[in-house]
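Each chain gets a letter, A, B and so on, in the order its sequence line appears, and its residues count up from 1.
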There are 4 protein chains.
Amino acid sequence: MPRVTEAYLAERREHILSSAATCFAREGFHRTSMRDVIAEAGLSPGAVYHYFRGKHDIIAAISLDAVTAVGGAVRASVGRGQSLPELVAGLPTAIEALDRADDRTRLAVQAWGEALRDPALGAALREGVDGVLDALRERVDLAREAGEVSADVDPHAVARVALGIVQGFILQRAWDPEVTAADYGRGASAVVGGLLAP
Amino acid sequence: MPRVTEAYLAERREHILSSAATCFAREGFHRTSMRDVIAEAGLSPGAVYHYFRGKHDIIAAISLDAVTAVGGAVRASVGRGQSLPELVAGLPTAIEALDRADDRTRLAVQAWGEALRDPALGAALREGVDGVLDALRERVDLAREAGEVSADVDPHAVARVALGIVQGFILQRAWDPEVTAADYGRGASAVVGGLLAP
Amino acid sequence: MPRVTEAYLAERREHILSSAATCFAREGFHRTSMRDVIAEAGLSPGAVYHYFRGKHDIIAAISLDAVTAVGGAVRASVGRGQSLPELVAGLPTAIEALDRADDRTRLAVQAWGEALRDPALGAALREGVDGVLDALRERVDLAREAGEVSADVDPHAVARVALGIVQGFILQRAWDPEVTAADYGRGASAVVGGLLAP
Amino acid sequence: MPRVTEAYLAERREHILSSAATCFAREGFHRTSMRDVIAEAGLSPGAVYHYFRGKHDIIAAISLDAVTAVGGAVRASVGRGQSLPELVAGLPTAIEALDRADDRTRLAVQAWGEALRDPALGAALREGVDGVLDALRERVDLAREAGEVSADVDPHAVARVALGIVQGFILQRAWDPEVTAADYGRGASAVVGGLLAP
DNA sequence: AATGAATGAGCCTTCATTCAT
DNA sequence: AATGAATGAAGGCTCATTCAT
């Protein structure tokens with residue numbers, strides 16, 4: 001019989017992660033020391049190291065979470081059966097909604113850089129991105145089959161561009177909170193749906 | 001009077017920066033120590049600190065350079081008098097051309113994260129981005145006035161989205177070198193120019 | 001729970017201080033590196049920094065201790081109910097007794113200079129000195145009331161001079177160990193008690 | 001024929017010393033870097049090192065100057081043919097007069113500590129002190145022969161105490177500028193001349 | 001005589017992490 | 001499960017000083 005419930009352990013782990021996220025969003029991965037994380041969590045070094053193998057693991061977990069959350073938001077939007085311009089218009093809002101308590105999108109920008117240096121994280125992150133790209137590509141395929149989109153576009157490339165539009169929003173909003181989802185979404189929808197005069 | 005020429009000083013500074021860029025591209029800003037930079041430059045600590053106030057300043061200079069180079073490539077493309085889809089199609093190639101010697105686009109991704117934590121860098125970077133956004137917006141304005149684009153689009157928002165498309169390319173290519181400028185450019189051009197069947 | 005006893009912590013702190021004092025007496029505050037202190041203490045850097053915020057704090061603690069010890073010796077002598085000449089004659093011996101293990105009086109001379117540059121240390125030290133001056137002044141007051149001393153002397157000024165005599169001994173003995181407490185004390189007693197022929 | 005006059009060289013040397021003294025009085029010997037001294041002097045490193053072998057030499061020169069100045073003031077007072085109490089009463093004022101532009105007495109306190117660590121400086125300083133002690137002792141001898149002072153005092157010891165009184169003034173005044181020469185001198189004169197009621 | 005770029009040893013300190021309790 | 005004292009490598013940087021010009 002375990003001394004403590006599994007739920008307790010999971011909750012503890014989560015608590016540490018969210019404390020770390022707070023620190024990381026405030027100061028960045030590398031300007032945050034384990035001392036900071038430990039203090040923010042109100043624990044002792046030993047306790048934190050009981051749940052994580054090291055700082056590295058915490059960064060990886062948080063990075064993955066941030067990127068996964070973005071991916072999840074995109075995939076959820078894709079599944080909503082809207083027209084392509086509607087879909088694209090709504091993505092920024094879906095992203096914005098992620099930043100409930102923590103600055104998940106700011107963490108995502110940092111995670112992007114981290115993934116460049118950490119092969120394991122890079123692979124994990126790439127996997128998530130591939131899933132999102134697949135979802136977007138399938139949606140474009142459908143649109144093409146439905147004649148909604150001209151036959152000679154490359155769904156792979158279009159999916160990448162659509163993802164790029166989302167990534168650009170995340171980045172620009174991280175730099176400047178005045179970049180709103182509504183404006184950016186309108187622009188995106190215009191680009192995708194009717195930029196060229198008929 | 002051993003006062004060396006100003007050109008010599010500038011060249012030395014540049015040498016240090018490019019040595020640092022090599023290190024940073026290889027290991028990231030924070031896994032690179034000043035020792036690494038100093039060794040790569042083949043100098044002594046004192047010499048490096050003669051030209052830069054600290055690691056921070058070197059990171060900032062390189063970050064700014066990377067982001068400025070991206071901005072310059074975009075602005076140069078904008079000034080080339082192409083149609084909007086042509087312009088957008090060509091941007092990834094222009095970006096790709098930046099990575100001649102150093103991995104300037106990889107550095108850019110790191111710089112993005114850095115700018116989130118360093119207010120001074122953030123401000124400088126934002127200024128550069130604003131210039132690029134202005135150039136793109138003006139181009140869209142022109143297209144609108146020429147009837148090339150429907151009148152009810154918001155040029156500001158469209159400029160941001162166009163920039164986002166470029167940023168997305170930088171990021172996706174940094175993660176996966178197989179993402180080619182040609183493919184992404186084709187996708188971008190399709191999105192902007194004729195995604196919707198007529 | 002590895003929480004060690006408070007006594008253990010205090011002892012550790014004291015051990016570091018005495019190691020530092022050894023180094024400082026040997027080489028001076030500024031020619032002693034933290035490496036020296038750490039090696040002398042037989043600890044790791046982290047351990048030392050666990051107990052002190054930095055070299056500065058160690059210097060301050062040792063300086064304060066040295067000056068406080070001197071003050072304590074003076075106050076103890078004052079409380080011994082001797083005649084003024086007896087008291088003054090005994091002070092050098094009391095001071096000399098401080099240098100049992102460490103060279104506390106040599107440290108005091110260094111502390112004097114340090115207090116000139118470190119406002120916090122200066123204030124602390126001044127406070128200690130004021131206490132000693134008070135004690136001396138009270139003693140002089142008593143002597144005056146007892147008619148032991150002429151009525152028109154300023155007890156404050158006399159107290160300062162008495163302290164000065166002690167400080168001069170500390171300094172001269174630090175430079176030249178041949179200056180003995182016995183000789184100096186005899187001189188001091190003569191000055192105070194019967195310099196002028198009757 | 002020398003390129004520059006000897007006077008020019010001496011003046012330059014003096015200029016560097018006074019710049020250094022300014023820095024040292026402001027920040028202490030060890031918190032002052034050669035950069036500081038060089039900047040204060042408005043010269044280049046090479047120029048300063050042309051006149052001094054190193055920081056060490058500058059510290060030694062300034063320390064010696066400060067201590068010598070004190071010694072000179074005492075000896076000048078001794079030669080003035082006053083009664084012993086008058087002499088002692090006047091010493092603090094003579095000391096105070098030294099602090100024209102620079103804080104020579106503050107530098108002296110630092111020099112005391114320095115002499116403890118630097119054998120060469122210690123020897124030089126001790127020599128100066130011995131001269132002062134000799135002068136004081138001779139004065140006491142004279143007083144003894146004149147019957148001004150009781151025959152059984154030890155002139156050596158009394159001279160040391162007299163010097164100690166001066167050193168105490170220097171120290172106490174360095175810590176607290178409110179300690180005035182007038183007050184301290186009055187106290188000293190009282191101690192020496194008539195502390196004990198008749 | 002003077003310049004100032006360059007040197008490189010060494011400084012103080014922090015950090016992620018461990019392990020006896 | 002949790003504590004926190006301890007580790008020790010490594011970090012960024014400063015410093016007194018030199019020497020080609």
K.L.:
For DNA chain E, list all stems, counting runs of three or more consecutive pairs where every pair is Watson-Crick or G-U wobble with both distances under 3.5 Å.
P.N.:
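Output for stems: E:2-21 with F:2-21.
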K.L.:
Rounded to the nearest angstrom, tell me the gap between atom NE2 in D/His15 and atom P in E/dA2.
P.N.:
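It works out to 11 Å between those atoms.
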K.L.:
Tell me the interatomic distance from B/Glu6, atom CD, to E/dG4, atom P, rounded to whole angstroms.
P.N.:
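The answer, rounded to whole Å, is 13 Å.
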K.L.:
Is the shortest side-chain N/O distance from D/Tyr51 to OP1 or OP2 of E/dA2 below 4.0 Å?
P.N.:
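Yes, within the criterion.
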K.L.:
How does protein contact run along nucleotides 10-16 of chain E, one letter per nucleotide 5' to 3', with B for base contact, S for sugar-phosphate only, - for none, heavy atoms under 4.0 Å?
P.N.:
-SSBBSS
K.L.:
Could you state the atom-to-atom distance from NE2 of A/His50 to P of E/dC19 in whole Å?
P.N.:
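Rounded to the whole Å, the gap is 16 Å.
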K.L.:
What contact category does B/Tyr8 fall into here, base, sugar-phosphate, or nothing, at under 4.0 angstrom with non-hydrogen atoms?
P.N.:
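It contacts sugar-phosphate atoms only.
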K.L.:
Separation of B/Phe52 atom CZ from E/dA6 atom P, in whole Å?
P.N.:
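Computing the B/Phe52:CZ to E/dA6:P distance gives 12 Å.
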K.L.:
Can you tell me the distance, in whole Å, between the CG atom of D/Leu9 and the C1' atom of E/dA2?
P.N.:
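Spelled out: CG on D/Leu9 to C1' on E/dA2 is 12 Å.
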K.L.:
For A/Asp103, is there an ion pair with A/Arg26 - N to carboxylate O distance below 4.0 angstrom?
P.N.:
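Salt bridge flag = no for A/Asp103 with A/Arg26.
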K.L.:
Under the side chain to side chain donor-acceptor pair (under 3.5 Å) rule, what do B/Thr68 and B/Asp65 come out as? Steps first, then yes or no, please.
P.N.:
CA-CA 5 Å; B/Thr68 303; B/Asp65 172 77; over 6 Å; no
K.L.:
When you check the side-chain N and O atoms of C/Glu114 and C/His56, is any donor under 3.5 Å from an acceptor?
P.N.:
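Looking only at side-chain atoms, C/His56 and C/Glu114 do not form any donor-acceptor pair under 3.5 Å.
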K.L.:
Under 4.0 Å from OP1 or OP2 of E/dG8: is there any side-chain N or O of B/Ser44 that close?
P.N.:
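It does not, given that no N or O in the side chain of B/Ser44 lies less than 4.0 Å from OP1 or OP2 of E/dG8.
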K.L.:
Give the rounded distance in Å between these two atoms: CG of D/Leu43 and C1' of F/dT17.
P.N.:
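For the pair D/Leu43 CG and F/dT17 C1', the rounded distance is 16 Å.
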